[in-house]
Amino acid sequence: MSMKARIFSTALNKIERRVYGTVTIVVIGTFLATMWPIYPLFSRIRPFVLGMPASLFYLLVLVFLVFFSLLALYRWEDKGGKFEKNEKDTAAEMIKETARRPSGHLKASDG
Amino acid sequence: MDSWLIVTLVTVGYLFVSLVVGILAGRRASSSTAGYVVADREFGFIVMYFVMGASIFSAFAFLGGPGWAYSRGAAAFYILSYGTVGLAPWYFFGPRVAALGRKYGYVTQADLFAHRFQSPALSVLMAIISLVCFLPYLILQMEGAGYVFDVVTEGRIPPAAGAAIAYGVVLIYVYYSGVMGVGWTNTFQGIFMMALAWGLGLYLPYQLYGGVAPMFESLSQSVPEMLTAPGLDTDGTRWTWGGYSSSIAISVFGFSLWPHYFMKIYAARDERTLKKTVVWYPTFMIFLVPIMFIGFSGVLRFPGVEPADAILPTLVTSLELPAIVVGLFCAGALAASMSTGDALVHAAGTVLVNDFYKVSFKPDLDDAQERRLIRFLVVAIAGVAYYLAVFSSFSLVYLLLFSYGFLNQFMPLIIAAFFWPRATRPGVLAGLITGCATVIIWTYFPELQWQKIHPGIWGLGANLIAMVSVSLATQPMDDEHVLKFVVT
């Protein structure tokens, strides 16, 4: 196994990488869009939407953008059976770990 | 019946329900430390959603949010912005944290990092930083509770007594039920606050201006500068984009790392529950919109209210609303304070015992002793905070400025722990210490804050540089150990 710094596991296939990559970019993009220099472009009074100035409505659009992107990712993971798979992996890992090291995660001898 | 009596009755009713919910909830958890601190890792989606949501709906949001909108206009939008993406990082690192927690029995944030970097010193350092961050917020919540009582009962219940009553209830259910009490009361308190925020947020503009749109219409004519970011600074001049943007940035970086939220990752039943909570979290931001409306509604009709945080109580008491509505407001404001304060006091007790005392003095502390000690410290910490909130003239200004700045210094730890195998123990310790020192220096010398950029951001930069350079200069950690944590 290689010990390089990485963001996504090498165990992911191309499609999975693309999906996680896209959602990560949407989240980071939204974060940047709430600040200078992007927000100043939208931080204006008019037009009013739903009775609110554009500056406030714009932030609500961003809330929904993040919400729906994460919801889509969640649905996609759910459909692909990811949660069940990860659950199984974790359970298997735990059994291995318990057998190896019965108690305490930080012992004096560790430090 | 006198109206103040009705107000008091409604409030007492709310406190009673909180108490009953809090105590009943505790009967469902095991009597172990894991039961008391992380609910046996069995929280479902609804409780998780409200536990996390209540953190946004603190006394700060309920009283401070309208206060900001009232006095600083669009500057308040930053509160809405940071929550939008604040919890999203959990979607990516949360399940990994939860799985490791299950595997090695972690109950706190420092448990994880101390294990990853094999460093009891890191645990102690994180415990101290966490407490420094918790204390001012806890004091603020208590002051908020006392203040609300004082205003709506027209001084019949002084702040000291009000805070004592509200936090007496909190202490009973936290002492008795631990995180189960926190979780289930937050659910009740959360639903209550949402209903109230929307009720008041739509009613007040309607009553004062004939609706939300007419309200913003008149504001756009008389104070247009309040409706566009970055809004106003505390002195009424235009705020800088550097100040506005860096407030969002430090809040986003720090948000998912508050030790009392982070612990809740361990409490989630499974990956599905945890991710669902993160997905739905931004919807909580929608409930901050009426909070903004409330503040804006005071601008033209009630100028000059001091302090600005008093705008909501001022509106509620001066509009001759029915006593029952005033009572509900009072209960809602207490719910905001208590639902944040309970998690803080619970986490403070846990961190002090688990990450500080156990690691420095008594590694062989057994489970039953640990639980007893946490309970004792929950009471002790609440007592200290109460004393500082009520009887001392202790100024929170610097502590509050430090807290988000310090909190940000935990962020490189997450990156190092999971994504950078080359990070070493001396590296992360050097980063954390350098980062915090930078925050302190930049806070005391505001002229260093170019463009009013928050000290936390400067600290983060120094932290990353120190962490990377010291890590690269020291021996890499054992491969086999590191592989348990990092993404491969």
Side-chain angles (χ1 to χ4, degrees), chain A residues 1-11 20 23-24 27-28 30-31 34-37 39-40 42-46 48 50-56 59-60 62-67 70-71 73-74 77-78 82-83 86-87 89-90 93-94 97-98 101 103-108 110-111, chain B residues 74 77 80-82 84-85 88 91-92 95 99 102-106 111 114-115 118-121 123 211-213 215-217 220 224 227-230 241-242 244-245 248-249 252 270-272 275-276 278-280 282-283 285-286 289 292 359 363 419-422 479 482-483 486-488:
Chain A
M1 248 182 282
S2 113
M3 286 283 281
K4 276 205 205 127
R6 43 179 102 250
I7 300 169
F8 298 122
S9 164
T10 46
Y20 287 117
V23 179
T24 309
V27 171
I28 295 175
T30 310
F31 169 54
T34 59
M35 297 186 294
W36 185 87
Y39 185 34
F42 299 91
S43 176
R44 46 176 80 212
I45 297 176
R46 295 190 189 274
F48 272 39
L50 300 174
M52 287 177 258
S55 53
L56 182 54
L59 296 176
L60 275 185
L62 295 182
V63 169
F64 281 102
L65 178 68
V66 172
F67 170 63
L70 289 176
L71 187 65
L73 177 59
Y74 177 87
E77 288 189 329
D78 197 8
K82 279 217 178 300
F83 298 128
N86 290 347
E87 201 105 305
D89 290 355
T90 314
E93 280 275 294
M94 272 186 76
E97 189 63 29
T98 338
R101 203 175 188 188
S103 72
H105 57 84
L106 186 72
K107 293 192 188 130
D110 282 352
Chain B
F77 293 172
L80 196 80
S81 298
Y82 76 74
T84 308
V85 287
Y91 200 95
F92 302 96
R102 240 169 247 281
K103 203 158 140 189
Y104 301 112
Y106 308 146
D111 271 346
H115 185 202
Q118 301 284 288
S119 172
S123 173
V212 172
M215 173 179 79
F216 281 119
E217 196 64 56
S220 74
L227 295 187
T228 52
W241 274 107
Y244 180 89
S245 305
I248 294 180
V252 168
D270 49 25
E271 181 177 348
R272 190 187 292 274
K275 287 189 164 172
K276 210 167 158 185
V278 180
V279 170
W280 283 89
T283 60
M285 295 307 107
I286 300 163
V289 172
M292 304 281 151
V359 172
F419 306 103
W420 196 43
R422 187 63 183 79
D479 274 8
V482 173
L483 277 175
V486 294
V487 176
T488 51

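The chains referred to below are lettered A, B, ... by the order of the sequence lines, with proteins before strands, and numbering in each begins at 1.
Within the model, atoms CG of Leu70(A) and CH2 of Trp280(B) stand 12.0 Å from one another, a figure rounded to the nearest 0.5 Å. In this structure, the separation between NZ on Lys275(B) and CG on Leu71(A) is 13.5 Å, given to the nearest 0.5 Å.
Between Phe67(A) and Val279(B) the shortest heavy-atom distance is CD1-O, 3.1 Å. Taking all atoms of both residues into account, the shortest heavy-atom contact from Ile248(B) to Thr34(A) is CD1-O, 3.4 Å. Across Arg6(A) and Phe419(B), no two heavy atoms sit closer than the pair O-CD2, 3.2 Å. The shortest non-hydrogen separation linking Val487(B) to Ser9(A) is CG1-N, 3.4 Å. Contact record, Glu271(B) with Glu87(A): N-OE1, 4.3 Å, taken as the closest heavy-atom pair. Residues Glu217(B) and Phe48(A) share a closest heavy-atom pair of N-CE2, 3.7 Å.
Both the backbone and the side chain of Ala249(B) come within less than 4.5 Å of a heavy atom in chain A. Contacts between Val212(B) and chain A at a heavy-atom distance below 4.5 Å involve backbone atoms as well as side-chain atoms. In this structure, the portion of Asp78(A) lying under 4.5 Å from any heavy atom of chain B is its side chain and not its backbone. Looking at Phe77(B), the atoms closer than 4.5 Å to chain A (heavy atoms on both sides) sit in the backbone and in the side chain alike. In this structure, no portion of Ile28(A) lies under 4.5 Å from any heavy atom of chain B. Of the two parts of Val289(B), only the side chain, counted from C-beta on, holds a non-hydrogen atom closer than 4.5 Å to a non-hydrogen atom of chain A. For Pro40(A), the parts sitting under 4.5 Å from any heavy atom of chain B are the backbone and the side chain alike. Residue Ala74(B) does not touch chain A at all, counting heavy-atom pairs closer than 4.5 Å. If you measure heavy-atom distances from Tyr39(A) to chain B, the contacts under 4.5 Å come from both the backbone and the side chain. Contacts between Phe64(A) and chain B at a heavy-atom distance below 4.5 Å involve the side chain alone, from C-beta outward.
Two residues are said to be in side-chain contact when any heavy atoms from C-beta on lie closer than 4.5 Å; Leu80(B) and Leu56(A) meet this criterion. Taking 4.5 Å as the limit, every side-chain heavy atom of Thr84(B) sits out of range of all side-chain heavy atoms of Leu59(A). The shortest side-chain heavy-atom distance between Ser43(A) and Tyr244(B) does not fall under the 4.5 Å cut-off.
Residues satisfying the ring pair (Phe, Tyr, Trp, His ring centres under 6.0 Å) criterion with Phe92(B), sequence neighbours excluded, are absent altogether. Every ring pair (Phe, Tyr, Trp, His ring centres under 6.0 Å) that Phe216(B) has, sequence neighbours left out, goes to Phe293(B), Phe296(B).
Counting only distance, with no hydrogens or angles, the side chain of Thr228(B) and the backbone of Ile45(A) share no donor-acceptor pair below 3.5 Å. Put simply, the side chain of Ser245(B) gets close to the backbone of Trp36(A): a donor and an acceptor are under 3.5 Å apart.
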side-chain contact (heavy atoms from CB on, under 4.5 Å) assessment of Ser81(B) paired with Met35(A):
CA-CA 9 Å; Ser81(B) 298; Met35(A) 297 186 294; over 6 Å; no
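The choice from Thr30(A), Leu62(A), Ile7(A), Leu60(A) that makes the most heavy-atom pairs within less than 4.5 Å of chain B is Ile7(A). Per-residue counts of heavy-atom pairs under 4.5 Å with chain B were compared for Leu65(A), Leu73(A), Thr24(A), Asp89(A); the largest is that of Leu73(A).
Around atom CZ of Arg44(A), no more than 12 heavy atoms belonging to other residues, nucleotides or ligands sit under 6.0 Å away.
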